[in-house]
Each structure stands twice: as C-alpha cells, then as structure tokens.
Amino acid sequence: MSSSFRSNLNRKTKTTTIKERSRFLLSKMLSMIHCLCYIYMMIMANCLTAGVLAISHTNISTDQSALLSLKAHITSDPQNILTANWSSASNSNICNWVGVSCGAGHHRVTDLNLSHMGLAGVIPPHLGNLSFLVELGLENNSFHGPLPQELSRLRRLKEINFGNNSFMGTIPSWFGSFAKLQTIKLYGNGFSGFIPATIFNLSALETIDLGRNQLSGSIPREIGNLTMVKGIYLDDNKFEELPNEMGSLVQLEELFVQSNALTASALVPVFNISSLTILNLYGNNMSGSLPDNICEHLSSIRIFNFSGNQLDGLIPSKLWQCKELREILLYSNNFRGSIPKSLGNLTYLTKISLGENHLTGNKFGGIS
Ligand SMILES: *[C@@H]1O[C@H](CO)[C@@H](O)[C@H](O)[C@H]1NC(C)=O
Ligand SMILES: *[C@@H]1O[C@H](CO)[C@@H](O)[C@H](O)[C@H]1NC(C)=O
Ligand SMILES: *[C@@H]1O[C@H](CO)[C@@H](O)[C@H](O)[C@H]1NC(C)=O
Ligand SMILES: *[C@@H]1O[C@H](CO)[C@@H](O)[C@H](O)[C@H]1NC(C)=O
Ligand SMILES: *[C@@H]1O[C@H](CO)[C@@H](O)[C@H](O)[C@H]1NC(C)=O
Ligand SMILES: *[C@@H]1O[C@H](CO)[C@@H](O)[C@H](O)[C@H]1NC(C)=O
Ligand SMILES: *[C@@H]1O[C@H](CO)[C@@H](O)[C@H](O)[C@H]1NC(C)=O
Ligand SMILES: *[C@@H]1O[C@H](CO)[C@@H](O)[C@H](O)[C@H]1NC(C)=O
Ligand SMILES: *[C@@H]1O[C@H](CO)[C@@H](O)[C@H](O)[C@H]1NC(C)=O
Ligand SMILES: *[C@@H]1O[C@H](CO)[C@@H](O)[C@H](O)[C@H]1NC(C)=O
Ligand SMILES: *[C@@H]1O[C@H](CO)[C@@H](O)[C@H](O)[C@H]1NC(C)=O
Ligand SMILES: *[C@@H]1O[C@H](CO)[C@@H](O)[C@H](O)[C@H]1NC(C)=O
C-alpha cells in the first residue's frame with residue numbers, strides 16, 4: 001500500500017510547484033491518517049461486536065449442548081444415572097440434572113460432579129464450553145482417552161478431580177492455564193513422563209495430588225513457586241529427586257512421596273520446611289544419615305515416616321527437639337547405635353517403630 005501510494009504521488013507531482021506539492025502531500029497524508037483511523041475503528045468495532053456476540057451467544061443452551069455431548073460420549077452408565085436423568089428435551093432445566101449445579105444469579109453451570117458413578121467414556125471437546133465452571137469432579141470412574149485441549153478454556157476452574165480413572169499419556173502442559181486452580185487431583189491414573197513445569201505456574205494451588213501414576217524424572221524446580229501449597233502427594237511414582245526450591249514452600253504441611261525412587265539428596269530441602277506436619281518418604285532408596293540438628297527448622301513436624309530406606313548412622317540425638325512429634329517410623333533401615341533416652345520427653349509421642357535396623361541396647365519401652 002505505501003509503495004503504490006508513493007509511486008502515485010511521484011507521477012502526479014511531476015508538474016506541480018514545490019508549494020503545491022507540499023500542500024498536496026499534507027492533504028494526502030491527512031486523508032491517509034483518516035483512512036488508517038477508519039480502518040482501525042472498523043477493526044475495533046468488529047472486535048467489540050465479536051466480543052459481545054461471543055458473550056451473548058453462550059447461554060444456558062451452550063451449557064446444555066456441552067453436557068449432552070458428554071452424555072453422548074459415555075459408553076457405560078451401569079446405574080443408569082445420566083441415561084435416566086439427563087433429558088435431552090429442550091425445556092429440561094439442566095440445573096436440576098444429577099451432578100450439575102448452577103450459579104444462583106446467572107444460572108450457568110458452575111459445578112459438574114459425576115464422582116463415584118461407575119461411568120466409562122471419553123471427555124468431548126464440548127466440555128470446554130462450560131465457561132462458568134468452577135468445579136469439575138469425575139473421581140472414581142473409568143474415563144479414559146486424551147484430555148481435549150479445549151478444557152484449557154475453563155478459566156474459572158478452582159478444582160479439578162480426575163482421581164481414580166484411566167487417563168493415560170503425559171500430563172498436558174496447558175494445565176498451566178487455570179490461573180485460579182486451588183486443587184488438582186490426578187491420582188490413580190496412568191499418567192507417565194515428566195510433570196510439566198507449567199503446572200507450577202498455578203500460583204493459587206493449595207493441593208496437588210499426582211499419586212499412583214507412572215510419573216518419573218526430577219520434579220521441576222518451579223515447584224518452589226507454589227507459595228500457597230499446603231499438600232503435595234506424589235506417592236507411588238518413580239521420582240528420583242526433590243529440588244532444593246521445595247525448601248521455600250512456606251505453607252506446606254503434608255508431603256507424601258512414599259514408594260518412589262528418591263535418593264539421599266531428597267532430604268536436603270525438606271528439613272527446611274518449618275510448616276511441615278507430615279513427612280512421608282517411606283519405601284524409597286535414600287541412604288546416608290539423618291543430621292543431628294534435624295529439628296532445627298522442623299518445629300511443627302508430627303509424623304516422620306522414613307521406613308523402608310537404606311538410612312544409616314545414629315538416630316539423631318536431638319530428635320527430642322521436634323516437640324510436636326506423634327509418630328517416628330524408622331522401620332527397616334540400617335540405623336545403628338542405641339535409642340536416645342531423651343525421646344522419652346516427647347510429650348505427644350504415640351508410636352515409634354524402629355524394627356529391622358542394627359540398634360543395640362535396651363529396647364525403648366517395649367516398642368519394636
Ligand atoms: C441461547 O442463544 C441462542 C443463540 O443466540 C438462542 O438461539 C437461544 O434461544 C438462547 N437460549 C436461551 C435459553 O436463551
Ligand atoms: C434428576 O435428578 C434430580 C436430582 O436427583 C431430580 O430432582 C430430578 O427430578 C431428576 N430429573 C429427571 C428427569 O429424572
Ligand atoms: C462430589 O460428589 C461426591 C458424592 O457423589 C461427594 O462425596 C464429593 O464431596 C463431591 N465433590 C465436590 C467437589 O462437591
Ligand atoms: C470406586 O469405584 C469402585 C469401582 O467402581 C467401587 O468399587 C468403589 O466402591 C468406589 N469407591 C468409592 C469411594 O466410591
Ligand atoms: C462448543 O464447543 C465445540 C467444540 O469445542 C464447538 O464445535 C462448538 O461450536 C462450541 N459452541 C457451542 C455454542 O456449542
Ligand atoms: C480409588 O481406588 C482405590 C483402589 O481401587 C480405592 O481403594 C479407593 O477407595 C478409591 N478412592 C476413591 C476416592 O474412590
Ligand atoms: C502462567 O500464568 C500466567 C498468569 O496467570 C498466564 O498468563 C500464562 O499464560 C501462564 N503460562 C502458561 C505456560 O500456562
Ligand atoms: C518460577 O520458578 C522459576 C525457577 O525456580 C523462576 O525462575 C521463575 O521466576 C518462577 N516464576 C514465577 C512466576 O514465580
Ligand atoms: C535451608 O535453610 C538454611 C538456613 O535457613 C539455608 O542456608 C539453606 O540454603 C536452606 N537450604 C535449602 C535447600 O533451602
Ligand atoms: C538404590 O541405589 C543404589 C545405589 O545408590 C542402586 O544401586 C540401586 O539400584 C537403587 N535401587 C533402586 C530400587 O532404585
Ligand atoms: C509409614 O510407613 C509404613 C511402612 O513402613 C506404612 O505401612 C505406613 O502406612 C506409614 N505410615 C504413615 C502414617 O504414613
Ligand atoms: C529432654 O531431654 C533432653 C536431653 O536429655 C534435655 O536436655 C531436655 O531438657 C529435656 N527436655 C524436657 C522438656 O524435659
């Protein structure tokens with residue numbers, strides 16, 4: 001456009017004086033600016049109408065067709081729950097359907113909870129049209145197949161529970177787009193590969209449960225960004241390391257990484273998390289000894305479970321400084337030496353399990 005304008009200008013200005021020429025140029029430029037402004041306004045107007053249309057075009061009917069699409073993708077409904085209840089009649093009020101809840105004001109679907117119904121099937125892309133959805137619960141069913149990327153449009157989601165289903169493959173990186181997500185439960189599926197670092201972009205996350213999958217590798221350093229997280233459950237996977245950045249999870253209360261392939265270096269960051277109450281690392285491949293000052297930062301710890309590793313050395317003599325301790329589970333390791341008598345002044349202690357080690361001397365109050 002600009003080059004044809006320029007050649008046009010050249011042809012026309014051959015016979016004009018310099019004064020006329022500059023006046024011509026000025027008016028041409030003004031009309032060009034006008035023209036550009038007009039184009040810009042047209043584009044803006046189009047954008048605005050498109051925006052308004054998009055909003056006015058999604059209504060309760062959109063939600064209904066999304067749910068009916070889901071129903072059409074259910075291959076097994078042993079208790080006839082959706083079959084009987086989710087009516088396709090156009091006057092059926094979907095807000096009364098089993099497992100569906102709507103917002104009080106806007107009457108759009110906010111909760112979809114089909115947990116424990118024995119359903120099998122795949123998730124259709126249409127589900128991504130439930131744009132007011134806050135909770136999506138499919139726990140303990142037999143949903144399988146890929147998760148459609150259209151789900152990433154559910155920007156209001158605060159809770160996703162796909163626990164105990166048959167989803168496979170890698171965890172999609174677009175999980176990072178749920179800016180308001182507080183709870184994510186993908187436990188008990190067949191997810192494999194690495195955890196995508198984008199998941200740790202979810203700054204509102206409080207609970208992350210990826211237990212009982214086939215996940216492996218290192219846990220991304222970005223996990224240290226989850227400053228709101230209170231519970232991390234990664235049990236029964238194949239993780240090998242916990243990154244040092246976990247030391248900055250100042251609200252973390254429960255960390256479950258039992259039955260993985262963690263090595264000794266996993267212990268370095270966790271001893272810094274002063275909010276921890278339960279630390280469960282049993283059944284890993286951790287070796288080396290526990291530091292004597294283990295309690296220095298762990299002032300809230302209630303349960304240590306380090307059973308089933310290859311830890312050695314002495315039981316830390318300053319363990320009595322973890323005043324809140326209820327359970328000390330060091331069963332099946334290579335600890336040696338004697339049991340520190342000072343453990344006797346842990347007021348809340350109810351359980352101590354030290355069997356299958358190389359400990360000497362008096363058994364502690366008849367406890368194995
Ligand atoms: C929803 O929007 C569609 C398309 O604009 C319209 O045909 C339909 O009647 C609307 N439904 C309701 C319940 O408002
Ligand atoms: C669907 O189930 C809900 C809640 O159990 C009930 O109120 C409603 O009447 C049922 N609708 C149909 C068509 O069965
Ligand atoms: C979903 O429904 C089940 C019972 O079917 C219930 O136990 C669970 O708390 C519900 N989840 C949510 C998030 O409402
Ligand atoms: C989970 O689903 C299985 C199989 O359908 C069922 O036996 C079990 O009772 C369910 N668990 C819960 C807590 O509903
Ligand atoms: C809903 O989603 C599907 C698939 O993503 C799409 O084809 C459809 O046009 C969307 N809109 C409505 C109003 O159903
Ligand atoms: C998930 O499945 C396991 C094993 O089948 C079962 O023990 C557990 O109760 C299920 N959890 C829920 C919440 O249904
Ligand atoms: C990370 O979060 C920001 C803000 O919530 C968002 O704009 C961005 O798209 C997210 N990045 C990824 C990779 O999901
Ligand atoms: C997330 O963590 C990485 C690595 O620890 C860091 O470089 C990045 O700045 C963090 N991002 C946000 C949004 O905090
Ligand atoms: C643990 O805390 C100490 C002192 O507060 C600090 O020097 C060290 O770098 C921290 N280590 C990790 C892995 O966060
Ligand atoms: C545990 O670690 C040792 C060496 O550190 C290695 O030889 C062994 O294969 C590991 N075992 C498992 C189950 O990862
Ligand atoms: C601790 O580890 C043992 C295995 O030695 C396991 O059976 C038990 O359930 C664990 N206890 C807790 C409270 O996690
Ligand atoms: C607990 O035992 C240690 C070591 O024997 C001792 O120094 C400490 O004063 C005791 N604490 C209490 C509250 O008795």
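Along the sequence shown, residues are numbered consecutively beginning with 1. Both ligands and their constituent atoms are indexed starting at 1 by order of listing.
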Provide, line by line, the atom pairs where ligand 3 and the protein bring an N/O atom each to a distance under 3.5 Å; else say none.
from, atom 1, to, atom 2, distance (Å)
ligand 3, 2 (O), N113, OD1, 3.3
ligand 3, 2 (O), N113, ND2, 2.5
ligand 3, 11 (N), N113, ND2, 2.8
ligand 3, 14 (O), N113, ND2, 3.3

Check your understanding: Does at least one non-hydrogen atom of G128 fall below 4.0 angstrom from an atom of ligand 5?
Key -> no
Practice item. Compute the ring centroids of H106 and F132, then answer whether they are less than 6.0 Å apart. Key: yes
Practice item. Show your reasoning for whether side chain to side chain contact (heavy atoms under 4.5 Å, CB included) applies to C322 and F304. Key: CA-CA 10 Å; C322 296; F304 272 124; 4.1 Å; yes
Check your understanding: Looking at Y187, is R212 sitting on its ring face, NZ or CZ under 6.0 Å from the six-membered ring centre and within 45 degrees of the normal?
Key -> no
Check your understanding: How far does NZ of K158 sit from OG1 of T183, to the nearest 0.5 angstrom?
Key -> 10.5 Å
Point to revise | Residues K238 and E240 bridged, charged N to O under 4.0 Å | key: no
Exercise for review: Output the list of atoms in ligand 6 that are nearer than 4.0 Å to some heavy atom of Y187, sorted by atom number.
Suggested key: 11 (N), 12 (C), 13 (C)
Exercise for review: Identify whether the distance between the nearest side-chain nitrogen and carboxylate oxygen of E245 and R221 falls below 4.0 Å.
Suggested key: yes
Review point. Which atoms of ligand 5 sit under 4.0 Å from any heavy atom of E150?
Key: 5 (O)
Practice item. Going by the side chain to side chain contact (heavy atoms under 4.5 Å, CB included) test, name the single residue among L67, N129, V134 that passes it with V109. Key: L67
Revision key, fill the gap. In ligand 5, the atoms that come under 4.0 Å of a heavy atom of S65 are 14 (O)
Check your understanding: When you look at I123 and L147, which way does the side chain to side chain contact (heavy atoms under 4.5 Å, CB included) test go after all the steps?
Key -> CA-CA 7 Å; I123 297 184; L147 294 168; 4.1 Å; yes
Review point. Considering only heavy atoms of R212, which atoms of ligand 6 have at least one such atom less than 4.0 Å away?
Key: 1 (C), 2 (O), 3 (C)
Check your understanding: Is the closest N or O pair between N129 and ligand 5 shorter than 3.5 Å?
Key -> yes
Point to revise | Rounded distance [0.5 Å steps], CZ in F239 versus OG in S216 | key: 7.5 Å
